[in-house]
Protein chains: 2
Amino acid sequence: MARPRRYDHDALRGQTVEAAKRLLEEGGPTALTARALAKAVRTTPGTIYNLFDSMSAVLQEVNRQALVDLAMLVDSVRDTSPRDRLLALAEVYVSFMLDRREVWRAFFEGPRITGAFPDWYLAQIDGLIARIAQPVAALKPKGDPRLLAEQLLLSVHGIVALAAIERLDLITKQKPMDLAHAAVERMITAINAGAE
Amino acid sequence: MARPRRYDHDALRGQTVEAAKRLLEEGGPTALTARALAKAVRTTPGTIYNLFDSMSAVLQEVNRQALVDLAMLVDSVRDTSPRDRLLALAEVYVSFMLDRREVWRAFFEGPRITGAFPDWYLAQIDGLIARIAQPVAALKPKGDPRLLAEQLLLSVHGIVALAAIERLDLITKQKPMDLAHAAVERMITAINAGAE
DNA sequence: CAACGTTAATGAACAGTGTTCAATAATGGT
DNA sequence: ACCATTATTGAACACTGTTCATTAACGTTG
């Protein structure tokens, strides 16, 4: 029997994901087509489908790497006070998104993923929330820090989601970073007021 | 010279928009195709393009009507205290979206609209924010009520945007309505604490 | 080394998509 | 009755994701 050869299989897969990122950043979601992707790595559409189950799978892999990158940045946040830490986390999230608008956009708009999400996906998100819950817990709120962290994340997400599709200015002239700061400060204020 | 006849032109346009809504609700954004729309109103794709400049224009018209409907619901909110009013506004917004997930989803995901948005679009959104700013102003915040209203809307939007694409449960098990309530209460708490 | 079995790459093909446009049909005014 | 104007049609174009038989390349085995 002959063994699989897979000579530059992994390398090609890596190049393909990189090319997908580039296509997204340069031309938005519609620019990420099977043929454009094939041309970018000098092959044919058929080969793309040999590496990935579908174009959705390509997008999911780009998403995965983005989540991993974000997690790394989040882990590099080491601040003393809970307040500074929460502000730094918000800044990381917002600036990460501003740097990768189109990838982030595709993250939310991508074709509906069938059925359940992969475990690593859920675990990654769970980890991010845990890292927000930690400084929140340090503020000694009355309620569950985890639930408050989720709420804070959603507030910032509302800002980021609109900024990613370049429609934030339909609602406000305020800058994404300022808005994110305001959301963090408000959460802290509410906790200190003994309301949460 | 012969005059334009436009006999049931407007009627057909109306039917088309209704059909578009139905297609969206039943099958999501991908179900809204020129041919499906044509078949739904018993004509051909060409005729659709006689009524609308593009499929984007159809989507924009659906959006417009959704915004008008939302404005009507918002105007029907008549509560005494600012707090009750803000809570009622959040409820209207959330339940409106839950009833029209797919239309609302298309609202944010739709193909990038070229250049500037129409004036009625901006005016409609502006009116909505003004209706939030009013009860906020009644709470006598230190800062600009308008800016706070924008921030509150964004918080609720973060919840709604994720719920519309059925991905809210990636982040939390909390219900959209509860989350919206929490956002409103937190804003009120922060204002009463003299922080905003 | 030659032959085999396995694997990967290819590119044509299929069923869709939005959109355009010449040809056709229908109408209201003269 | 005729004609200018308009609306409708449906074929066509350039795309899209996706599939799959064919072809080419390789590692292992006899």
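Order of the sequence lines fixes the chain letters, A, B, ..., with proteins taken first and strands second; residue numbering starts at 1 for each chain.
- In this entry the distance linking CE of M55(B) with P of dT19(C) reads 7 Å, nearest Å.
- The stretch residues 28-44 of chain A touches DNA chain C through R35(A), T43(A), T44(A), each having a heavy atom within less than 4.0 Å of the strand.
- Residues satisfying the ring-ring contact (aromatic ring centres under 6.0 Å, His included) criterion with F52(A), sequence neighbours excluded, are absent altogether.
- Checking dT8(D), dA9(C), dG18(C) against every side-chain atom of Y49(B), the shortest atom distance belongs to dG18(C).
- Of the candidates K21(B), R22(B), Q15(B), E18(B) forms a side chain to side chain donor-acceptor pair (under 3.5 Å) with just one, namely K21(B).
- In this structure, L154(A) CG and I129(A) CD1 are separated by 8.0 Å, a value rounded to the nearest 0.5 Å.
- A heavy-atom distance below 4.5 Å is not found between the side chains of V156(B) and L179(B).
- Distance, L23(B) CG to dG18(C) P: 11 Å, rounded to whole Å.
- Interatomic distance, OG of S54(A) versus CD1 of I48(A), reported as 12.0 Å (0.5 Å rounding).
- Judged by distance alone, the side chains of R186(A) and Q151(B) do bring a donor and an acceptor atom under 3.5 Å apart.
- Both D53(A) and N50(B) lie close to DNA chain D; mapped to their nearest nucleotides by heavy-atom distance, the more 5′-ward contact belongs to N50(B).
- Following rounding to the nearest Å, L59(B) (CG) and dT19(C) (C1') show an atom-to-atom distance of 17 Å.
- In this structure, the CZ atom of F52(A) is 18 Å from the C1' atom of dT19(D), given to the nearest Å.
- For the pair L12(B) CG and dT6(D) P, the computed distance is 18 Å after rounding to whole Å.
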